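One is the number of the first residue; the rest follow in order along the sequence. As the structure is a prediction and not an experimental result, all values here were calculated from the model.
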Amino acid sequence: MSDHQHRTAVDAGVEVPVPADGERWTVGAVILNRDGAAFAQRRGPDRRLFPDCWDIVGGHVEPGESLLDALAREVEEETGWCLRRVRRHLGTTTWTGDDGGGTRHEADYLVEVDGDLDRPALEWSKHTAYDWFGPADLPRLKENRAPGEYLVHDLIAKALSALPLHSGPHML
């Protein structure tokens, strides 16, 4: 077991696929703050995949790395926060980017993190902004996306709809 798996709790029933040999996988994390708003960061305009679009925290699974290890690594690299708990599997999708990298499978999760949520340590060479999105802010997540390319919007909407009324993310 890796270091990340020892520190990260996974709620019962959360599906964690195991990649088959030769498959390319990515992971994504929807992170909610105390007010129940979801974190997203804007990809830089020079990024090969999805330039200048809002994105959740996540990235590619490295060879030999488990999905949970990749999720913990990406959360730390992209925000400086530490993955504490995986609450819910939001879904697995398959997509092909325009970067020549072929087909990818993506597993996305609703997670809890430790760290100062008011001060993410963004990778400024890759991202130009960040914000917190509540239900009224969801249309902004469709900026610079073609119709039908609303994965980030749909994931955050799904995570927000899972929240009980009058509760924060720690009451899911």
Practice item. Assign the ring pair Tyr109 / His89 to parallel, tilted or perpendicular, where the plane angle (0 to 90°) is split at 30° and 60°. Key: tilted
Point to revise | Pairs satisfying salt bridge (charged side-chain N to carboxylate O under 4.0 Å, His left out), at least one member in residues 88-97, at least two apart | key: none
Check your understanding: Which class fits the ring pair Tyr130 and Trp124: parallel under 30°, tilted 30 to 60°, perpendicular over 60°?
Key -> tilted
**Study point:** Donor-acceptor under 3.5 Å (Arg47 side chain, Lys126 main chain)
**Key:** yes
Check your understanding: How many angstroms lie between atom CG of Asn33 and atom CG of Asp118, to the nearest 0.5 angstrom?
Key -> 8.0 Å
Review point. Passes side chain to side chain contact (heavy atoms under 4.5 Å, CB included), Leu117 versus Trp132? Steps please.
Key: CA-CA 10 Å; Leu117 298 184; Trp132 293 94; 4.1 Å; yes
Check your understanding: Which pair of heavy atoms, one from Leu122 and one from Phe39, lies closest together, and at what distance?
Key -> CD1-CZ, 3.8 Å
Practice item. Grab the two heavy atoms, one from Trp25 and one from Pro17, that are nearest each other, plus how far apart they are. Key: CH2-CB, 3.6 Å
Check your understanding: So, Glu74 side chain and Gly28 main chain: donor-acceptor pair closer than 3.5 Å or not?
Key -> no
**Study point:** Under 3.5 Å: donor-acceptor pair, side chain of Arg43, backbone of Leu49
**Key:** yes
Practice item. Identify the heavy atoms of Ala38 and Leu160 that sit nearest to each other, and give their distance. Key: N-CD2, 4.3 Å
Practice item. Please check if the side chain of Asp154 supplies one atom and the backbone of Leu151 the other of a donor-acceptor pair under 3.5 Å. Key: no
Check your understanding: If only atom types and distance count, is the side chain of Trp95 paired as donor or acceptor with the main-chain N or O of Thr103 below 3.5 Å?
Key -> no
Exercise for review: Could you tell me whether Lys158 and Asp108 make a salt bridge, using a distance below 4.0 angstrom between a side-chain N and a carboxylate O?
Suggested key: no
Point to revise | Heavy-atom pair of closest approach, residues Val61 and Ala70 | key: CG2-CB, 3.7 Å
Review point. Out of Val30, Val10, Leu71, which one pairs with Val111 under the side chain to side chain contact (heavy atoms under 4.5 Å, CB included) rule?
Key: Leu71
Review point. Do the side-chain N and O atoms of Thr94 and His105 include a donor-acceptor pair separated by under 3.5 angstrom?
Key: yes
Study note, to complete from the structure: Between the CZ atom in Arg87 and the CD atom in Glu112, the distance rounded to the nearest 0.5 Å is 4.5 Å
Point to revise | From Gln41 atom CD to Thr128 atom OG1, the distance as rounded to the nearest 0.5 Å | key: 9.5 Å
Check your understanding: Taking the six-membered ring of Tyr150, is NZ or CZ of Arg145 closer than 6.0 Å to its centre and within 45° of its axis?
Key -> no
Revision key, fill the gap. Closest non-hydrogen atoms of Ile56 and Ala29, given as atom of the first, atom of the second and distance, are CB-O, 3.6 Å
